[in-house]
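First up is the structure itself, then whatever we jot down about it.
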Amino acid sequence: MYHVAVIGATGAVGQKMLQVLAELDFPVRQISAYASARSAGKTVQFKGQDVTIQALSEQITEDGIDVALFAAGGTISEQYAPLLAAAGTLVVDNSSAFRMQADIPLVVPEVNPQSIGPDDRLIANPNCSTIQSVVALAPLQQFGLQRINYTTYQAVSGSGQKGIEDLARGSRGEEPVNYPHPIHDNILPHIDVFLPDGYTKEEQKMIDETRKIFRLPELPVSATCVRVPVTNAHSVAINVTFEQETTVEAVREALRQAPGVVLVDDVSQNQYPMPLDASGTDDVYVGRIRQDQSLANTFHIWCVADNIRKGAASNAVQVARQALESSIHS
């Protein structure tokens, strides 16, 4: 049993981490919750009990924490995650601060658990859209990944409570506060900041993280990331080219047997993955599988998952469990 801490416990992902720790029966001996000084003294729930928020400070390294889940943003992670890791705490960080550092594992347990070494104390959680996409692509590695193109349809919960509030404002005819344009009755082909080449930082994250997770640094990957007026659960249209010839049925069968994947693909009955189905679950739903008529050995896959759960909180908890098991069995 472990002393587990959630850093950023008042945010959407932090609160979901507390919920998932309980639901997945993580071996928690003691739970601690940390946030900014202005939240100190407030409470969050864990297994029906109130947990008092503590102000985050360097004192945390002396609090005897075995596992720390970070959901407080890159600046906080950069300041505190290395301190805790150096003190022997297992840290799983949900920010982008450490994802592309060569010596820090970037892990999705269904895809690359072998990336966790027994001595790793700091592990990065990938981007939400990357997580669900690589879960869908992992069982298809048997055909040889040659090229990947993503188009995402990302829910406003990916922007936290601010995004959800902007969607509600728009429904009342009010101007947005978080987004540069209304999100209600609209879509924005713009997530995170624009880079000099015209891609956004979100798109570049998906490209870089996919290559790192699959250990294919030269893999051609592209992405277009779009914000849509959906409250929760991201959708990704994946267009993937394989090195080997295969069939739609072989792709379906590989996905049907894959861990963490639910195949929903019967268009004769209008059955395909939708955000309403995925929201509140930890699975990655795939469907609309078909061969691309314009490019050889290329397939379309529609992929949907809860971005707050599997795209953040649940993956972090699963990573922590995997890391602890790796350490125990080393």
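Counting begins at 1 with the first residue of the sequence. Just the heavy atoms: all of them, side chains too, but no hydrogens, waters or symmetry mates, feed the values below.
- Open room surrounds CD on Glu245; 12 or fewer heavy atoms of other groups in view lie less than 6.0 Å from it.
- Looking at Arg290, its side chain never comes within 3.5 Å of a backbone N or O of Val248 through a donor-acceptor pair.
- With salt bridges taken as basic N to acidic carboxylate O contacts below 4.0 Å, none links Lys310 and Asp282.
- Ile308 and Ala12 make their closest contact through CG2-O, 4.1 Å (heavy atoms, listed as atom of the first residue, atom of the second, distance).
- Contact of the Thr89 side chain with the Asp66 side chain is not registered, since no non-hydrogen atoms from C-beta on lie closer than 4.5 Å.
- Val108 is connected to Leu255 through a chain of hydrophobic side-chain contacts under 4.5 Å among Ile, Leu, Val, Met, Phe, Trp and Tyr, so both are in one cluster.
- Across all their heavy atoms, Met206 and Cys225 have their closest contact at SD-SG, 3.7 Å.
- Under the 4.5 Å side-chain criterion, counting only non-hydrogen atoms from C-beta, Leu69 is in contact with Leu21.
- For the pair Asn315 (side chain) and Ala312 (backbone), a donor-acceptor distance under 3.5 Å is absent.
- Interatomic distance, Ile207 CD1 to Asn127 CG, rounded to the nearest 0.5 Å: 11.5 Å.
- Within the 4.5 Å cutoff, side-chain heavy atoms of Arg147 are placed close to those of Leu295.
- The closest side-chain donor-acceptor pair between Ser268 and Asp266 falls under 3.5 angstrom.
- Between atom CD of residue Gln154 and atom OG of residue Ser159 there is a gap of 8.5 Å, rounded to the nearest 0.5 Å.
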Notebook entry, point to check: How far apart are the C-alpha atoms of Tyr80 and Asp93, what are their side-chain angles, what is the distance that settles it, and do they pass the side-chain hydrogen bond (donor to acceptor under 3.5 Å, both in side chains) test?
Noted result: CA-CA 10 Å; Tyr80 292 100; Asp93 177 44; over 6 Å; no
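- With hydrophobic clusters built from ILVMFWY side chains whose heavy atoms lie under 4.5 angstrom apart, Leu276 does not share a cluster with Tyr272.
- A distance-only check finds no donor-acceptor pair linking the side chain of Asp120 to the backbone of Leu122 [under 3.5 Å].
- Two different hydrophobic clusters hold Ile7 and Leu90 under the rule that ILVMFWY side chains link at heavy-atom gaps under 4.5 Å.
- If you run side chain to side chain donor-acceptor pair (under 3.5 Å) between Tyr150 and each of Thr224, Asn239, Thr210, only Thr210 comes through.
- For the pair Arg29 (side chain) and Met1 (backbone), a donor-acceptor distance under 3.5 Å is present.
- If you chain together hydrophobic residues whose side chains sit under 4.5 Å apart, Ile191 and Ile187 never meet in one group.
- A side-chain donor-acceptor contact under 3.5 Å links Gln45 and Asp50.
- Taking CD1 from Ile31 and CG from Leu18, the interatomic distance works out to 5.5 Å, rounded to the nearest 0.5 Å.
- A distance-only check finds no donor-acceptor pair linking the side chain of Ser157 to the backbone of Gly160 [under 3.5 Å].
- Listed for the Arg99 side chain is no donor-acceptor partner under 3.5 Å among the backbone atoms of Ala124.
- Panel note: side chain His300, backbone Asp292; no donor-acceptor pair is recorded below 3.5 Å.
- Between Thr241 and Phe143 the shortest side-chain heavy-atom distance does not fall below 4.5 Å.
- The two residues Leu167 and Pro229 have their closest heavy-atom pair at CD1-CB, 3.8 Å.
- Asp306 places no side-chain N or O within 3.5 Å of a backbone atom of Ala233 that could act as its donor or acceptor partner.
- Considering every non-hydrogen atom in both Lys205 and Ser96, the closest pair reads CE-CB, 4.1 Å.
- Taken to the nearest 0.5 Å, the NZ atom of Lys47 stands 13.0 Å off from the CD atom of Gln19.
- Atoms CD1 and OG, from Ile148 and Ser222 in turn, are 11.0 Å apart once rounded to the nearest 0.5 Å.
- In this structure, the side chain of Gln132 does not engage the main chain of Ser129 through any donor-acceptor pair within 3.5 Å.
- Ion pairing between a basic and an acidic side chain is recognised when a charged N comes within 4.0 Å of a carboxylate O; Glu23 and Lys16 show no such pairing.
- Classification of Asp265 and Arg252 as a salt-bridged pair holds, one side-chain N sitting under 4.0 Å from a carboxylate O.
- Counting all heavy atoms, side chain and backbone alike, Ser115 lies closest to Val107 at CB-CG2, 4.2 Å.
- A donor-acceptor pair shorter than 3.5 Å cannot be found between the side chains of His190 and Thr200.
- Between Lys162 and Glu165 there is no salt bridge, since no side-chain N of the basic residue sits under 4.0 Å from a carboxylate O of the acidic one.
- One N or O on the side chain of Ser77 and one on the backbone of Gly73 form a donor-acceptor pair closer than 3.5 Å.
- For the residue pair Phe70 and Met17, the shortest heavy atom distance occurs at O-CE, 3.8 Å.
- The pair Arg321-Glu325 does not count as a salt bridge, with every side-chain nitrogen at least 4.0 angstrom from each carboxylate oxygen.
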